[in-house]
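Throughout, protein chains are lettered first and strands after them, A, B, ... in sequence-line order, and every chain is numbered starting at 1.
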Amino acid sequence: MAASDRKIGRNLISQRLAITVISVLFGATAAGWLFTEIFPYDFKMHLDEYIGKWGVFPVKICSWLKVYDPFHSFWYAGILILFFVVLLLCIISRWRNFVLRSFKTAVTAARRELPDGAHGSVIFYADPAESEEAQKDPLIHYAKKHGIDFDGGPDLKERIYRHLSSVMGRSGFRSVMIDREGDIFFSAVRGRWKYMGNFLFHAGLLIITAGGMMGSIMGSTELLYGKTGDMIPLYKSGYSVRIDDFRILLSAERRIDDYITVLSVVDSGGETVKTRNIEVNHPLAFEGFHIYQSSYYTSDEEFSRAGIRCVTDDGEIIILVLSPGEKSFPPDSTFALEAVSFFPDFRMGEKGPYSASPMMRNPALEIRLSDESQVFPGYLFALHPRFNSHFEGFYSMTLEDIEPVYLTGLQISSDPGSPVLWAGMIIASLGLLLLYSFNYRVINGYIGKDRMIIYAAEGRWNISRYDKYERIEKQIREMLPGIISKNV
Amino acid sequence: MFNQIDIGFFWASFWFYLSSFIMFSIYAGSKKSSAGKTGMLLFCIAFVLQSSGLVSRWIVSSHPPLATMFEYSLTMSWIIAVWFIAMIFRYRRMILGVIVSPVLVMVLVISSMLPKDASALMPALQSYWFYIHVTLAAASEGAFLVAAGAGIVLLLRSGRKNGEDPVISVEYLDELVSGAIRIGYPVFTIGALFAGAIWANYAWGRFWSWDPKETGALVIWLFYTLVLHQNVRGRWQGRTLAKMSIIGLGIIMLSFLGNLFLGGLHSYI
């Protein structure tokens with residue numbers, strides 16, 4: 001491989017590039033967040049209007065960049081793909097290192113001096129001025145002076161290492177050593193599983209990104225409204241769902257407590273395969289499809305029953321019940337009354353009345369009063385009973401109550417990325433738990449002929465944890481009486 | 001009258017937290033331990049009052065106080081207070097009060113401006129994922145707020161002349177900012193993003209909708225991901241980290257208050 005190729009490869013897996021990509025993704029997401037809110041929501045529907053206001057070029061640029069819906073634009077998808085690729089390359093290039101470090105401790109101590117700025121100590125076995133032997137071989141002098149079992153120089157160093165290892169082991173550090181030209185270098189490590197956590201977290205994020213992309217490319221989602229008896233086909237599956245019932249549950253304060261749809265899955269032969277009540281947060285899963293209770297809708301123009309309160313000239317009250325398409329014949333009258341149309345949220349527009357929303361905000365019933373020779377049209381309003389209530393030659397009428405036809409809102413989704421997303425979230429969560437449960441710390445050291453060096457090395461040795469290191473060092477000093485230490 | 005008792009507790013706790021902030025500030029300035037102990041006592045009284053307020057709110061609304069922005073901010077401040085009391089028991093450093101009490105006062109000032117009506121849970125919120133998601137999101141954002149509080153103190157402290165005897169060292173504050181972010185980040189990832197996505201999938205049939213609140217959460221997460229990566233690399237530390245924690249606070253506030261004017265699927269809170 002050429003040097004330039006190796007350089008490109010190194011740059012592709014460098015932390016600097018990863019941080020650059022995260023920064024770009026952060027900037028793009030923040031910009032998209034603002035765009036979706038400040039950009040005119042009707043831009044796509046009224047392009048000509050905006051060309052007139054802003055000019056052709058700005059509108060073309062905005063359309064091309066999909067500024068009105070940035071999270072479904074090519075440029076945002078490109079940034080997501082770049083994030084995915086960099087994350088993938090980071091994991092591929094580092095996984096061996098991360099996984100190995102979780103299981104295996106390596107000696108990272110390599111110097112016979114205390115590194116600059118390191119938190120640790122240089123410990124001398126003896127004062128060279130004490131005797132000639134102390135000057136010539138301090139370790140042997142020290143062993144003799146303190147009655148430490150002695151059978152040779154290198155073995156004594158190893159024996160000291162074992163003592164240190166047991167002290168550090170009591171604080172959860174696992175140590176390893178190497179013998180280099182008669183001197184011992186050691187590393188003691190704690191919290192190695194942090195590396196596994198780091199690896200799992202990044203792998204989990206990669207899987208989540210992959211699952212999200214699978215869902216957006218291969219998945220489908222559709223919001224459909226239907227009323228009792230309607231059949232909704234499940235896309236290319238040969239199955240359909242039938243709405244058997246839809247109920248809105250109200251609390252004592254008349255607030256919507258829940259809405260429930262009774263659904264049956266029907267096969268191509270008309271056989272019912274499965275029946276289930278679905279409600280918000282409790283979907284129906286069938287053959288890769290998920291059917292969610294999403295919302296509800298009040299049907300425009302349709303109603304199931306209306307009660308009309310009529311007051312005669314004598315003050316007598318008559319309640320007439322109107323059903324769609326049927327005429328009602330009030331007693332002692334030549335007129336017939338029928339309901340023509342229903343508006344849950346009545347508004348009067350330039351082209352006539354319409355319902356502004358599916359909510360029962362201003363329910364109004366269009367009626368027709370007729371006899372053999374004449375027809376009187378009119379509107380009755382549930383919230384404004386006195387308005388438009390009097391008809392010449394007929395009783396005074398008010399809309400007592402009306403039962404609308406509710407349509408259940410069902411979201412039918414098929415997301416092959418869903419299990420991948422679940423797996424990614426579980427792996428990433430497990431990774432985070434490991435990452436933050438284990439605190440990776442290393443104590444490095446050197447045991448030589450005249451001195452011993454011990455210091456807090458890589459890992460998170462922040463100030464509140466140095467006291468833990470110092471406790472270990474204190475225990476080592478207590479174990480080796482008479483040593484002369486130089487704290488740094 | 002009982003319907004308003006939670007609001008009474010809220011205001012009482014607010015004044016006690018404010019008083020504790022004043023006493024902790026006097027302690028930081030004068031180093032008189034009596035001022036610190038008085039601040040601690042006032043803080044504990046405020047905490048008891050706030051806890052009583054939350055319990056009464058729970059009783060009044062018949063659900064844990066997590067459904068509205070007012071309840072969310074109350075719970076978030078309560079979690080910060082629990083964290084502070086635990087830290088006091090663990091480290092015996094009253095000076096932390098100088099960081100935590102103003103953060104609490106700020107959150108409660110924002111709460112005081114929000115609608116306080118208690119209402120029944122709408123159908124979409126009737127899920128145990130709702131409690132997991134909102135509690136963890138409140139806890140993590142509380143940790144980020146503490147980081148920002150410590151960051152502000154760090155910036156004020158590091159601007160002082162050399163030779164002044166510091167009540168709290170810059171190194172300790174740096175560790176506090178970094179530690180609070182390190183606590184907040186995994187809780188936010190699991191609670192606000194993962195639990196939120198799972199709940200959204202049950203309630204709305206999709207893990208992610210690019211709803212303003214969801215996008216805001218992603219922006220917060222990407223920002224702290226960036227901060228942590230730079231911090232681990234040794235780039236953003238000390239004053240830079242403090243500034244970043246304050247920028248993070250701004251993003252959290254934008255996301256928190258965003259649904260008041262941005263709309264979307266979370267606009268009911």
Side-chain angles (χ1 to χ4, degrees), chain A residues 15-16 18-19 22-23 25-27 29-30 32-33 36-37 69-72 201 205 208 211-212 215-216 219 221 223 249 251 253 255-259 279-283 290-294 410-413 415 417-418 421-422 424-426 428-429 432-433 435-436 460 462-465, chain B residues 91 119-130 169 171-172 174-176 178-179 182-183 185-187 189-190 193-195 197-199 201-212 214-216 218-223 225-226 229-230 232-233 235 251 254-255 258 261-264:
Chain A
Q15 268 204 15
R16 187 182 291 181
I19 285 164
I22 295 169
S23 306
L25 185 58
F26 165 71
T29 311
W33 189 27
T36 45
E37 301 311 322
D69 186 13
F71 298 116
H72 297 99
F201 178 56
L205 289 183
I208 289 169
S216 63
T221 184
L223 181 61
L249 306 182
S251 66
E253 298 85 32
R255 292 179 68 101
I256 293 171
D257 209 27
D258 206 351
Y259 24 101
E279 54 192 296
V280 183
N281 290 311
H282 301 280
H290 283 80
I291 303 160
Y292 300 86
Q293 180 67 72
S294 179
L410 301 174
Q411 172 128 340
I412 301 176
S413 300
D415 183 1
S418 178
L421 277 167
W422 268 100
M425 284 191 276
I426 291 168
S429 301
L432 276 174
L433 288 177
L435 190 55
Y436 288 89
R460 271 190 81 227
N462 46 23
I463 52 168
S464 66
R465 289 189 176 88
Chain B
Y91 296 111
S119 58
L121 283 182
M122 60 182 292
L125 302 184
Q126 295 166 17
S127 163
Y128 59 89
W129 283 107
F130 162 64
S169 69
E171 289 75 20
Y172 184 77
D174 182 38
E175 191 180 318
L176 196 62
S178 144
R182 278 163 202 270
I183 290 170
Y185 184 78
V187 181
T189 308
I190 295 173
L193 289 186
F194 294 172
I198 293 166
W199 176 34
N201 188 42
Y202 280 118
W204 301 316
R206 52 202 184 273
F207 285 96
W208 199 260
S209 312
W210 294 110
D211 165 74
E214 289 175 351
T215 314
L218 182 62
V219 170
I220 293 170
W221 184 81
L222 286 168
F223 178 77
T225 303
L226 191 61
H229 274 84
Q230 290 288 58
V232 167
R233 288 178 77 206
R235 292 293 167 93
I251 299 171
L254 188 62
S255 169
F261 47 89
L262 299 183

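- Note: A:Y292 OH to B:N201 CG = 4.0 Å, rounded to the nearest 0.5 Å.
- Using a 4.5 Å heavy-atom cutoff, the side chains of B:R206 and A:D415 are not in contact.
- The contact between A:S413 and chain B is made entirely by side chain atoms (from C-beta outward), counting heavy-atom distances below 4.5 Å.
- Contact count versus chain A (heavy atoms, under 4.5 Å) is highest, among B:F207, B:W129, B:W208, for B:F207.
- Both the backbone and the side chain of B:F194 come within contact range of chain A, with heavy atoms under 4.5 Å apart.
- Across all their heavy atoms, A:W33 and B:G216 have their closest contact at CZ2-CA, 3.4 Å.
- Results of the side chain to side chain contact (heavy atoms under 4.5 Å, CB included) test with A:F26 over B:T225, B:L218, B:I220, B:L222 single out B:L222 as the only residue that passes.
- Residues B:A203 and A:V280 approach most closely at O-CG1, 4.4 Å, considering heavy atoms.
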Steps toward side chain to side chain contact (heavy atoms under 4.5 Å, CB included) verdict (A:L432, B:I190): CA-CA 8 Å; A:L432 276 174; B:I190 295 173; 3.8 Å; yes

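- Both the backbone and the side chain of A:F71 come within contact range of chain B, judged by heavy atoms closer than 4.5 Å.
- For A:S216, no part sits under 4.5 Å from any heavy atom of chain B, backbone or side chain.
- Contacts between B:W221 and chain A at a heavy-atom distance below 4.5 Å involve the side chain alone, from C-beta outward.
- Of all heavy-atom pairs spanning A:P283 and B:Y202, the tightest one is CD-CD2, 4.0 Å.
- Counting heavy-atom pairs under 4.5 Å between each of A:T29, A:T221, A:I208 and chain B puts A:T29 at the top.
- Heavy-atom distances place no part of A:L410 under 4.5 Å from chain B, backbone and side chain included.
- Here the straight-line distance linking atom CD1 of A:I426 with atom CD1 of B:I198 works out to 7.5 Å at 0.5 Å rounding.
- Using a 4.5 Å cut-off on side-chain heavy atoms (C-beta onward), A:F201 and B:T189 make contact.
- Checked against side chain to side chain contact (heavy atoms under 4.5 Å, CB included), B:Q126 has the following partners two or more places apart in sequence or in another chain: A:D257, A:D258, B:L121.
- When heavy atoms are compared at a cutoff of 4.5 Å, A:L421 approaches chain B solely by way of its side chain, counted from C-beta outward.
- Side-chain N or O atoms of B:W204 include none that pairs as donor or acceptor with a backbone N or O of A:S294 at under 3.5 Å.
- Minimum heavy-atom separation, A:M425 to B:A197: SD-CB, 4.5 Å.
- Only the side chain of B:Y185 comes within less than 4.5 Å of a heavy atom in chain A; its backbone stays farther off.
- To the nearest 0.5 Å, the span separating NE2 on B:H229 from CZ on A:R16 amounts to 15.0 Å.
- Residue A:E279: no heavy atom, backbone or side chain, is found under 4.5 Å from chain B.
- Contacts of A:I291 with chain B are absent, with no heavy-atom separation under 4.5 Å from either backbone or side chain.
- Note that CD1 of A:I19 and CZ of B:R235 are 7.5 Å apart. Values are rounded to the nearest 0.5 Å.
- For a residue to count as touching a neighbouring chain, one of its non-hydrogen atoms must lie under 4.5 Å from one of that chain's; by this rule B:D174 does not touch chain A.
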